[in-house]
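Beneath this line is the structure, given in structure tokens, with notes to follow.
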Amino acid sequence: MGLLDGKKALIFGVANDHSIAWGIAKALHEQGAWVGFSSIEMLLEKRVRPLAESLGSTFVEPCDVQEDADIERVFARWQKEQGTIDILVHALAFARREDLDGRFVDTSRAGFMLALDVSAYSMVALARAAAPLMPNGGSMMTLSYYGAEKVVANYNVMGVAKSALESSVRYLAADLGPQNIRVNAISAGPIRTLAASGIAGFKTMYGKFKDIAPMRQSITIEDVGGTAVYLASDLSRNVTGETVYVDGGFNVLGVPTPDE
Ligand code: NAD
Ligand code: 0WE
């Protein structure tokens with residue numbers, strides 16, 4: 001008996017077994033959901049297909065979220081093979097590396113547009129494509145980060161993109177609520193994933209996080225998976241438009257008091 005027995009989930013953003021999307025996929029599957037995957041083509045055969053197969057899934061479809069035709073193809077295949085969707089997971093982001101360093105004021109027009117297109121608009125596009133496949137309602141979720149609301153050194157244009165993403169979640173929730181579709185964001189604390197590796201300042205921030213966050217431990221993809229199960233399941237009925245923090249309480253701190 002799982003919390004998600006009989007439900008079908010489509011998950012965007014698995015790059016490897018460190019991905020937050022993978023932590024969510026495992027958790028949803030553990031509760032009885034059937035899971036399908038979409039990722040950028042490059043990663044598909046080597047990384048994503050073996051992971052999908054380990055959960056008994058054959059739905060693995062490439063998609064660059066900057067391409068409308070790609071998005072259309074993924075949902076067309078899903079409709080043909082699975083019919084409906086119960087759970088949509090958006091766990092992807094991208095900004096130019098040079099924009100995650102130095103001063104935000106130096107962000108170029110092209111860099112700003114790229115970050116907002118991939119990291120925020122794509123949620124709107126996926127929600128619009130998924131909603132017609134949710135005739136009996138559903139749950140959509142995306143991943144955000146604290147840099148959306150407060151300045152985090154070097155997060156720069158990604159912070160602006162996450163602000164737009166969290167705001168988009170509220171507007172999507174208002175639009176889709178009447179169709180019994182809920183839309184929420186999970187704001188996760190720092191996790192060592194591919195997207196976090198080699199980023200200026202991530203390592204130091206990641207190291208300090210454990211000493212400062214109220215729960216005094218690092219955040220794992222399994223932690224995020226637990227909240228994803230809650231948001232995907234009926235336990236969170238009537239919860240929509242929210243940003244739920246999985247950050248060990250970091251965001252509630254004003255003046256942190258680390259241990260001696
Ligand atoms: P990850 O590298 O495992 O996943 C990022 C994914 O984005 C990859 O699968 C990548 O292929 C995909 N992607 C990038 N551009 C794309 C495009 N044009 N089309 C389709 N897919 C594209 O890293 P992650 O940390 O698991 O990131 C997942 C989400 O979690 C992101 O939204 C990220 O901002 C968010 N997040 C991460 C952390 C962290 O510390 N790692 C914290 C909070 C939120
Ligand atoms: O959202 C993110 C990272 C998203 C991301 C990562 C990369 C790395 C490679 C977006 N675009 C790119 N582009 C690349 O070329 N996080 C929440 C993780 C993260 O990134 C930071 C952080 C944290 C935390 C960047 C600066 C400071 C803190």
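Atoms within each ligand, like the ligands themselves, are counted from 1 in listed order. Everything quoted here is computed from the prediction, not taken from an experiment.
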List ligand 2's nitrogen or oxygen atoms that come under 3.5 Å of a protein nitrogen or oxygen, with the partner atom and distance.
unit_1: ligand 2; atom_1: 1 (O); unit_2: Y155; atom_2: OH; d: 2.7
unit_1: ligand 2; atom_1: 11 (N); unit_2: A95; atom_2: N; d: 2.8
unit_1: ligand 2; atom_1: 11 (N); unit_2: A95; atom_2: O; d: 3.3
unit_1: ligand 2; atom_1: 13 (N); unit_2: A95; atom_2: O; d: 2.7

Heavy-atom contacts with [X] under 4.0 Å: which atoms of ligand 1 show up? List them by number with element.
X: C63; answer: 19 (N), 20 (C)
X: I40; answer: 11 (O), 16 (C), 17 (C), 19 (N), 20 (C), 21 (N), 22 (C)
X: G189; answer: 40 (O), 42 (C)
X: A15; answer: 3 (O), 8 (C), 9 (O)
X: G13; answer: 4 (O), 6 (C), 8 (C), 9 (O)
X: P190; answer: 40 (O)

_Donor-acceptor contact present, side-chain R77 to main-chain V60, <3.5 Å_ = yes
*Considering residues, nucleotides and ligands other than K26, do more than 12 of their heavy atoms fall under 6.0 Å from its NZ?*
yes
_Taking atom 32 (O) of ligand 1 as the reference point, the nearest protein heavy atom with its distance_ =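 In this structure, atom 32 (O) of ligand 1 has K162 NZ, 2.9 Å as its nearest protein heavy atom.
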*Minimum non-hydrogen distance to atom 40 (O) of ligand 1, winning option of I20, I191, D247*: I191
*Nearest-option assignment for atom 23 (O) of ligand 1, heavy atoms, candidates T193, V118, L165*: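 Shortest heavy-atom distance from atom 23 (O) of ligand 1: T193.
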